[in-house]
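Below: the structure, in structure tokens.
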Amino acid sequence: MTETRNAHGDNQPEGAYSTGQRGNICAVVISFRRTSFLPEILRSISSQSLSPIETVIVDNGSDPQTAKIAASFGARYIDAGDNLGPAGAMEVAMKYFLANFSDNDWLLRLDDDRPLTDDHMLEDLVTVAEDVLDQGVQVGGIGLAGAVWNRKRATLSHVPIVSGTVTQHVDYLTTNHFPLFRGAAIRTCGAMRSELFFGMEEVEFGLRLRRHGFALLLHSDRVALKRGGHDVKPPRSQHSFRIDSPTWRQYYSMRNHVVIAREYSGFVSAVVVTVVRGILMPLLSVIFSPRHAITLLGLRLRAIFDAWTGRMGRRIDPYEWDKKHGRISLLDEMPMT
């Protein structure tokens with residue numbers, strides 16, 4: 001059996017869980033044209049009271065400067081070779097994790113514009129997760145934000161925080177709120193699906209883990225706190241009539257929503273998502289914001305066509321879109337999310 005060493009320095013065979021043994025953490029940062037943010041992210045990782053034994057940067061931008069920053073912090077640099085999106089980069093990262101870490105270990109998912117906000121966050125998350133594991137629950141992951149999936153409607157719903165509870169169960173963990181996934185869950189269910197490229201890839205992964213019987217937990221005590229200026233907010237209703245300036249993100253979220261609805265809620269639910277969210281909502285929003293609504297309708301119709309015909313992967317280039325619409329910074333970096 002492959003052996004790794006846990007945070008206490010003990011040998012730990014792959015696939016075994018022993019009460020009181022704490023798994024190692026591998027931190028993964030997905031990066032694309034945000035070199036000015038990376039040092040802060042990497043410093044927040046190294047300052048943790050329970051430090052990851054390895055930090056991996058998967059670079060979708062093949063940027064030499066990103067490689068230099070990684071080296072200066074002792075992080076492993078992986079060039080994705082192309083912009084694979086968060087989904088494709090996470091597939092690369094998870095395959096690396098499976099080859100080098102055990103079922104007892106944890107993979108931390110970080111964005112390149114959101115640092116960890118206090119020095120005890122990872123220790124608290126792992127401690128709570130492994131306490132629940134000791135109670136016999138098959139924990140697949142833990143984080144600070146997530147939602148439940150309404151299988152009939154194929155929509156996401158916020159989980160109200162119940163006072164006095166340490167953890168609550170959800171169906172997916174939100175990417176930019178520090179999810180930790182256990183090695184056993186990744187090994188059993190496989191990596192994230194690269195063909196989703198961007199948007200709701202973490203929802204599909206969470207639903208896949210839940211389908212295989214793994215629990216996903218919110219650390220309720222921490223969810224109620226304001227973390228370094230970032231509130232953990234519920235996902236906005238997917239049936240909102242509020243129209244922001246449409247971006248490439250709306251295309252991917254619509255396309256992937258239909259694909260996930262079809263797979264996890266069935267054909268009828270996918271049709272309802274297609275008609276209501278993809279067509280009726282933009283049409284009704286024309287009354288309030290005609291210019292934005294028409295652009296959004298065009299994006300969603302394209303997304304619907306691609307979802308139902310299986311045209312997956314990168315169909316709209318995020319960098320080219322943001323460059324065209326004046327959203328790229330003077331440093332040639334992507335805007336913060």
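Numbers for residues simply follow the sequence, beginning at 1.
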Closest non-hydrogen atom pair, [X] against [Y]:
{"X": "L144", "Y": "L218", "answer": "C-CD2, 4.1 Å"}
{"X": "T66", "Y": "S31", "answer": "CG2-OG, 4.4 Å"}
{"X": "R210", "Y": "A215", "answer": "NH1-CA, 4.3 Å"}
{"X": "G141", "Y": "L173", "answer": "C-CD1, 3.7 Å"}
{"X": "H257", "Y": "A154", "answer": "NE2-O, 2.6 Å"}
{"X": "L296", "Y": "P246", "answer": "N-CG, 3.8 Å"}

How long is the span from the [atom1] atom in [X] to the [atom2] atom in [Y], to the nearest 0.5 Å?
{"X": "R151", "Y": "D171", "atom1": "CZ", "atom2": "CG", "answer": "6.0 Å"}
{"X": "R208", "Y": "T188", "atom1": "CZ", "atom2": "OG1", "answer": "11.5 Å"}
{"X": "L297", "Y": "L284", "atom1": "CG", "atom2": "CG", "answer": "11.0 Å"}
{"X": "D113", "Y": "R34", "atom1": "CG", "atom2": "CZ", "answer": "4.0 Å"}
{"X": "L217", "Y": "L180", "atom1": "CG", "atom2": "CG", "answer": "11.0 Å"}
{"X": "L110", "Y": "S44", "atom1": "CG", "atom2": "OG", "answer": "6.5 Å"}

Is a donor on one side and an acceptor on the other found under 3.5 Å between the side chain of [X] and the backbone of [Y]?
{"X": "E201", "Y": "G199", "value": "yes"}
{"X": "D82", "Y": "L84", "value": "no"}
{"X": "D59", "Y": "S62", "value": "yes"}
{"X": "R114", "Y": "N176", "value": "yes"}
{"X": "E54", "Y": "A75", "value": "no"}
{"X": "S51", "Y": "Q48", "value": "yes"}
{"X": "Y252", "Y": "I316", "value": "yes"}

Examine F178 together with W106 and report whether their ring centres are nearer than 6.0 Å. no

So, F198 versus W248, ring centres under 6.0 angstrom or not? yes

Decide whether [X] and [Y] are clustered together by the hydrophobic rule: side chain heavy atoms of Ile, Leu, Val, Met, Phe, Trp, Tyr closer than 4.5 Å, transitively.
{"X": "L216", "Y": "F97", "value": "yes"}
{"X": "V271", "Y": "L283", "value": "yes"}
{"X": "V137", "Y": "V128", "value": "yes"}
{"X": "M121", "Y": "L108", "value": "yes"}
{"X": "V132", "Y": "I25", "value": "yes"}

Report the residue from L133, D105, V126 that forms a side-chain contact (heavy atoms from CB on, under 4.5 Å) with R182.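 By the side-chain contact (heavy atoms from CB on, under 4.5 Å) criterion, R182 pairs with just one of L133, D105, V126: L133.
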
Quick one: is the NZ or CZ of R33 closer than 6.0 Å to the six-membered ring centre of Y319, and within 45° of its axis?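 Yes, R33 and Y319 form such a contact.
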
Could you label the plane-to-plane angle of the F205 and F181 rings as parallel, tilted or perpendicular, counting under 30° as parallel and over 60° as perpendicular?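 The arrangement is perpendicular - the two ring planes meet at more than 60°.
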
Quick one: does [X]'s side chain get under 4.5 Å of [Y]'s, heavy atoms only?
{"X": "Y172", "Y": "L209", "value": "no"}
{"X": "R302", "Y": "D306", "value": "yes"}
{"X": "L42", "Y": "T55", "value": "yes"}
{"X": "M312", "Y": "N256", "value": "yes"}
{"X": "M94", "Y": "M192", "value": "yes"}
{"X": "R255", "Y": "R300", "value": "no"}
{"X": "D124", "Y": "L50", "value": "no"}
{"X": "D322", "Y": "K324", "value": "no"}

Are the charged groups of E91 and R193 less than 4.0 angstrom apart, N to O?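 The answer is no: the pair does not qualify as a salt bridge.
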
Any ion pair linking D317 and R315 (charged N to carboxylate O, less than 4.0 Å)? no

Could you check whether [Y] and [X], counting side-chain N and O atoms only, form a donor-acceptor pair closer than 3.5 Å?
{"X": "T247", "Y": "Q250", "value": "yes"}
{"X": "N150", "Y": "T155", "value": "no"}
{"X": "T274", "Y": "W308", "value": "yes"}
{"X": "E123", "Y": "S49", "value": "yes"}

List the steps and the verdict of side-chain contact (heavy atoms from CB on, under 4.5 Å) for V273 and M254. CA-CA 9 Å; V273 168; M254 183 72 241; 3.9 Å; yes

Counting neighbours of NE2 on H212 that are heavy atoms of other residues, nucleotides or ligands and sit closer than 6.0 Å, is the number greater than 12? yes

Worked verdict on L196 versus E204 for side-chain contact (heavy atoms from CB on, under 4.5 Å): CA-CA 9 Å; L196 295 174; E204 190 284 326; 3.9 Å; yes

Would W149 and S265 count as a side-chain hydrogen bond (donor to acceptor under 3.5 Å, both in side chains) here? Give the steps. CA-CA 9 Å; W149 178 259; S265 291; 2.9 Å; yes

Checking Y251 now: which residues fulfil ring-ring contact (aromatic ring centres under 6.0 Å, His included) with it, not counting sequence neighbours?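 Y251 satisfies ring-ring contact (aromatic ring centres under 6.0 Å, His included) with no residue once adjacent residues are dropped.
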
Can you name the ring-ring contact (aromatic ring centres under 6.0 Å, His included) partners of F32, sequence neighbours left out? none

Report the C-alpha distance between V148 and L156 in whole Å, list the side-chain angles of each, state the deciding distance to 0.1 Å, and finish with yes or no for side-chain contact (heavy atoms from CB on, under 4.5 Å). CA-CA 6 Å; V148 295; L156 295 168; over 6 Å; no

Where do L301 and I279 land on the side-chain contact (heavy atoms from CB on, under 4.5 Å) test, with the steps shown first? CA-CA 7 Å; L301 289 175; I279 300 173; 4.1 Å; yes

